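Please read these numbers as outputs of a predicted model, since none were measured by experiment. Chain letters run A, B, ... following the sequence lines, proteins first, then strands; residues in each count from 1.
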Amino acid sequence: MSDATAFVPNTHTGPVWERARALVTQPARDDAPWEVVREEMAVRELIHRYAYAWDQSDIDGLLRLFTDDGVIHEAEGTTAGPAALRARYERQVAATAHRFHLFTNVIVRVADDLRSATASSYFHVLLQKVGQAPRALGGLIVDDAVKQDGAWKFRTRSLTIDISYAPASGG
Amino acid sequence: MSEDHSEGFLPNAHAGPAWERARELLVQPYRDDASLAAVREEMAVRDLLHRYHYSWDQRDLDGILGHFTDDCVITDQGGVTTAGIAAIRARYERQMETTDHRFHLLSNIIVRLAADLRSGEVTWYHYAVLQKAGALPLGHGGLVADRVVKRDGEWKISARSTGVDLIHPIAATPAGD
């Protein structure tokens with residue numbers, strides 16, 4: 001028997017998972033016109049572009065993906081507005097030398113007016129803090145995205161962590 | 001299946017019914033003249049697979065079963081079949097009893113739909129962190145090949161072949177450190 005676990009005690013629970021549950025029970029539209037398909041693909045690209053910017057420590061690039069009133073909700077608290085978001089990312093970049101993000105299980109539902117959308121996605125990241133061994137984190141993010149001046153942006157990102165482990169080293 | 005999880009790739013990695021179906025699928029060329037209707041249906045099939053994993057990782061048995069047709073057949077790597085929704089329910093119940101937690105990552109999805117947009121074949125990789133009761137967490141990866149059908153406006157899985165290609169140990173760390 002082992003007490004070791006990769007899953008956090010409250011795995012798959014909490015407000016982020018509740019929002020995801022509400023989202024994934026909404027059926028995909030089987031009569032979606034081309035405009036809806038196009039906007040859904042653009043929202044998916046926004047989610048994936050976040051990984052590229054973050055993994056390259058491109059803080060300006062990250063901030064461009066948020067609206068001016070963009071907010072991140074996480075267990076540590078809420079970070080609101082460009083200045084606070086910049087400070088958050090600067091702290092994390094200083095502390096973490098490398099990151100490698102995977103986003104999957106992306107579910108997107110675009111509003112009828114094609115100006116807002118809600119998305120849910122799993123993330124899994126291998127990261128290496130300065131002076132430490134690599135570790136992995138995984139969890140869920142639910143986004144409220146809006147289209148401003150022709151570009152989709154995050155208005156809120158709500159994230160929760162479900163797994164935390166150290167990848168086994170090779171022998 | 002071996003109980004020695006130090007090996008990584010299994011002796012039968014990349015073999016079995018799921019990989020055979022995937023190989024057949026992958027030689028079918030991608031349509032570069034796909035209509036809006038075809039793109040829309042392909043996205044709906046991808047949505048089905050992703051929603052399935054939300055249900056599975058949350059241990060939502062009824063949610064899981066809602067993704068399958070009543071006459072679905074699941075074939076595992078050794079050729080053992082589970083036929084019909086009652087048997088599939090029992091299969092998932094057994095898996096839930098022995099595995100406390102799952103975290104699935106889904107990738108490399110290939111979808112090919114029939115010309116009438118009422119059925120299709122899909123293949124995809126899965127990688128999961130699993131934790132059985134009282135055991136160390138494991139990384140678990142493999143391939144699934146699905147046959148899907150659209151019934152009453154909804155895509156569902158009507159046949160599934162599953163394969164496991166690698167299992168490896170994970171060194172757990174305290175959360176939040």
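Taken from OG in A:Ser121 to NE2 in B:His50, the straight-line distance is 10.5 Å, to the nearest 0.5 Å. Rounding to the nearest 0.5 Å places CD1 of A:Ile107 at 4.0 Å from CG of B:Asp47. Taking CH2 from A:Trp34 and OG from B:Ser35, the interatomic distance works out to 10.5 Å, rounded to the nearest 0.5 Å. In this structure, CG on B:Leu105 lies 11.5 Å from CZ on A:Phe103, to the nearest 0.5 angstrom. Atom CD1 in A:Ile163 sits 13.0 Å away from atom CZ in B:Arg102 (nearest 0.5 Å).
Contact annotation: the side chain of B:Met43 approaches that of A:Met41 to within less than 4.5 Å [non-hydrogen atoms, C-beta and beyond]. A 4.5 Å side-chain heavy-atom check between A:Arg21 and B:Tyr54 finds every atom pair outside the cut-off.
Counting only distance, with no hydrogens or angles, the side chain of A:Thr104 and the backbone of B:Leu106 share a donor-acceptor pair below 3.5 Å. Remark: side-chain polar atoms of A:Tyr122 are not paired, donor with acceptor, to backbone N or O of B:Phe103 under 3.5 angstrom. Judged purely by atom type and a 3.5 angstrom limit, B:Gln58 has no side-chain atom pairing as donor or acceptor with the backbone of A:His12.
Contact annotation for A:Ser120: both backbone and side-chain heavy atoms come within less than 4.5 Å of a heavy atom of chain B. Residue A:Arg109 touches chain B through its side chain alone, counting heavy-atom pairs closer than 4.5 Å. Contacts between B:Leu130 and chain A at a heavy-atom distance below 4.5 Å involve the backbone alone (N, CA, C, O). Heavy-atom distances place both the backbone and the side chain of B:Val129 under 4.5 Å from chain A.
A 6.0 Å sphere centred on CG of B:Asp152 holds no more than 12 heavy atoms belonging to other residues, nucleotides or ligands.
In this structure, B:His53 and A:Asn105 approach most closely via the heavy-atom pair CB-ND2, 3.8 Å. Between B:Arg40 and A:Asp31, the closest heavy-atom pair is NH1-C, 3.4 Å.
Contacts with chain A were tallied for B:Glu154, B:Glu41, B:His104; B:His104 has the most, counting heavy-atom pairs under 4.5 Å. Comparing A:Asp162, A:Ile161, A:Val106 by how many heavy-atom pairs each has under 4.5 Å with chain B, the most go to A:Val106. Note: A:Ala32 leads A:Ala32, A:Ala28, A:Gly139 in heavy-atom pairs under 4.5 Å with chain B.
Heavy-atom neighbours of chain B within the stretch residues 54-71 of chain A, taken at a separation under 4.5 angstrom, are nonexistent.
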